[in-house]
Protein chains: 2
Amino acid sequence: MQNTIKVERAILGITQDELAKKIGVSRQTINSIEANRYVPSTVLALKLSAIFNKPVNDFFRLTDQD
Amino acid sequence: MQNTIKVERAILGITQDELAKKIGVSRQTINSIEANRYVPSTVLALKLSAIFNKPVNDFFRLTDQD
DNA sequence: ACAATATGACAAATATACTTTACATTTAGA
DNA sequence: TCTAAATGTAAAGTATATTTGTCATATTGT
């Protein structure tokens with residue numbers, strides 16, 4: 001799975017820490033997701049969706065190995 | 001988080017076992033998600049999105065306790 | 001009613017998300 | 001250039017998703 005959270009975050013002009021606080025996770029969680037170190041839960045994806053004001057499918061995509 | 005997977009599955013007219021096999025998880029995983037026993041990963045949500053041919057936000061929604 | 005299939009659910013084991021702490025590196029501004 | 005803020009990452013611990021096995025109940029077709 002790939003994501004464009006870094007881009008969406010840049011559009012909002014906020015830091016990893018700020019985004020983390022908005023959705024109630026740690027900064028490292030945001031950092032790890034941006035770095036594709038692990039796959040977030042659907043709740044987290046929906047919270048990002050609400051903050052980015054875009055559907056989940058816009059910034060999370062399946063790749064071949066999925 | 002709430003979901004309408006049971007409805008989407010009924011639209012396709014397939015069993016929990018068939019849906020599970022389509023997305024490569026166990027039948028119990030589908031059963032547990034439909035029963036809201038736990039929150040699936042975003043990869044799983046995207047796979048369901050592909051099979052239902054609908055965006056994730058259509059069948060997964062945040063609730064107050066999220 | 002009977003048999004086969006589908007669903008609900010639980011327990012134990014394993015995999016993995018997420019937190020906290022901590023430190024190094026990079027970036028941005030005075 | 002110096003400093004503070006932002007980012008990248010790693011390790012250890014906790015929480016939770018997912019699997020496998022199993023059984024009970026419900027549903028459907030004959």
Side-chain angles (χ1 to χ4, degrees):
Chain A
M1 198 190 63
Q2 67 154 34
N3 72 78
T4 54
I5 293 176
K6 198 166 191 167
V7 175
E8 299 298 337
R9 186 168 59 78
I11 292 174
L12 293 186
I14 61 179
T15 68
Q16 291 182 343
D17 196 49
E18 286 167 340
L19 178 57
K21 276 168 185 151
K22 276 178 186 289
I23 63 180
V25 295
S26 71
R27 179 183 68 82
Q28 286 79 350
T29 293
I30 298 299
N31 186 291
S32 295
I33 292 170
E34 285 189 1
N36 284 299
R37 262 192 295 277
Y38 60 66
V39 172
S41 73
T42 299
V43 164
L44 213 157
L46 289 175
K47 286 182 176 175
L48 290 172
S49 173
I51 290 175
F52 296 157
N53 204 31
K54 290 182 181 177
V56 171
N57 298 66
D58 273 24
F59 49 92
F60 279 119
R61 294 258 175 94
L62 291 178
T63 58
D64 297 332
Q65 46 267 42
D66 298 321
Chain B
M1 199 189 63
Q2 66 155 32
N3 71 78
T4 55
I5 293 176
K6 197 167 190 165
V7 175
E8 299 297 338
R9 187 167 59 78
I11 292 174
L12 292 186
I14 60 179
T15 67
Q16 292 182 343
D17 195 48
E18 285 168 340
L19 178 56
K21 277 168 184 151
K22 276 180 187 289
I23 64 180
V25 295
S26 70
R27 179 183 69 82
Q28 287 81 346
T29 294
I30 298 298
N31 187 290
S32 295
I33 293 169
E34 284 188 3
N36 282 299
R37 263 193 295 278
Y38 58 67
V39 172
S41 72
T42 299
V43 163
L44 213 157
L46 289 175
K47 286 182 177 176
L48 289 171
S49 173
I51 289 175
F52 297 156
N53 204 34
K54 291 181 181 176
V56 171
N57 298 64
D58 274 23
F59 49 92
F60 279 119
R61 294 256 176 95
L62 290 177
T63 59
D64 298 331
Q65 46 268 39
D66 298 320

Atom-to-atom span, CE of B:Met1 to C1' of C:dA17 - whole angstrom: 15 Å

How many whole angstroms separate atom CD1 of B:Ile30 from atom C1' of D:dT20? 16 Å

Strictly distance-based, threshold 3.5 Å: is any side-chain N or O of B:Thr42 a donor or acceptor partner for the main-chain N or O of A:Val39? no

State whether the side chain of A:Asp66 and the backbone N or O of B:Val43 hold a donor-acceptor pair below 3.5 Å, judged by distance alone. no

Measure from CG on A:Asp17 to P on C:dT20 and round the result to the nearest Å. 12 Å

Between C1' of C:dA6 and CG of B:Leu12, the distance in whole Å: 17 Å

Please check if the side chain of A:Thr63 supplies one atom and the backbone of A:Met1 the other of a donor-acceptor pair under 3.5 Å. yes

Do B:Ile5 and B:Tyr38 land in one hydrophobic cluster if side-chain heavy atoms of ILVMFWY residues count as linked below 4.5 Å? yes

Which whole-number value in Å describes the distance from B:Arg9 CZ to D:dT27 P? 13 Å

Do the side chain of A:Ser49 and the main chain of A:Lys54 share a donor and acceptor less than 3.5 angstrom apart? yes

Could you identify which residues of residues 58-66 of chain B place a heavy atom less than 4.0 Å from some atom of DNA chain D, listed by residue number, or say none? none

Side-chain donor/acceptor contact of B:Gln28 with base of D:dT22 under 3.5 Å: yes

Atom pairs, N/O to N/O, protein against nucleotides 14-17 of chain D, distance under 3.5 Å?
unit_1	atom_1	unit_2	atom_2	d
D:dA17	OP1	B:Val39	N	3.4
D:dA17	O5'	B:Val39	O	3.2

Could you tell me the separation between the CD atom of A:Gln16 and the P atom of C:dA28, rounded to a whole number of Å? 13 Å

Ignoring backbone atoms, establish whether A:Asn31 has a side-chain N or O less than 4.0 Å from OP1 or OP2 of D:dT7. no

On DNA chain C, compare the nucleotides closest to A:Arg27 and A:Gly24; which residue's is nearer the 5' end? A:Gly24

Is the backbone N or O of A:Val56 less than 3.5 Å from a side-chain atom of B:Asn57, with the two atoms forming a donor-acceptor pair by type? yes

Are B:Leu12 and B:Ile30 grouped together when hydrophobic residues (ILVMFWY) are joined by side-chain heavy atoms under 4.5 angstrom apart? yes

Just the rounded figure in Å: distance from C1' of D:dT18 to CG of B:Leu19. 15 Å

Among the candidates D:dT18, C:dA6, C:dT19, find the nucleotide nearest to the side-chain atoms of B:Ile33. D:dT18

Over 12 non-hydrogen atoms of neighbours within 6.0 angstrom of CZ in B:Arg37: yes

Hey, is the side chain of A:Thr29 poking within less than 4.0 Å of OP1 or OP2 on C:dC18, counting only N and O atoms? no

Taking only the side-chain nitrogens and oxygens of A:Lys6, find out if one of them lies under 4.0 Å from OP1 or OP2 of D:dG8. yes

Note, A:Phe60 side chain near A:Leu48 side chain (heavy atom, < 4.5 Å): yes

Just call it for B:Ser26: base, sugar-phosphate, or nothing, with non-hydrogen atoms closer than 4.0 Å on any strand. base

State which of D:dT9, C:dT19, C:dT7 makes the closest approach to the side chain of A:Ala35. D:dT9

Is there side-chain contact between A:Leu62 and B:Lys47, with at least one heavy-atom pair below 4.5 Å? yes

Whole-Å distance, A:Lys47 NZ to C:dC18 P, equals 10 Å

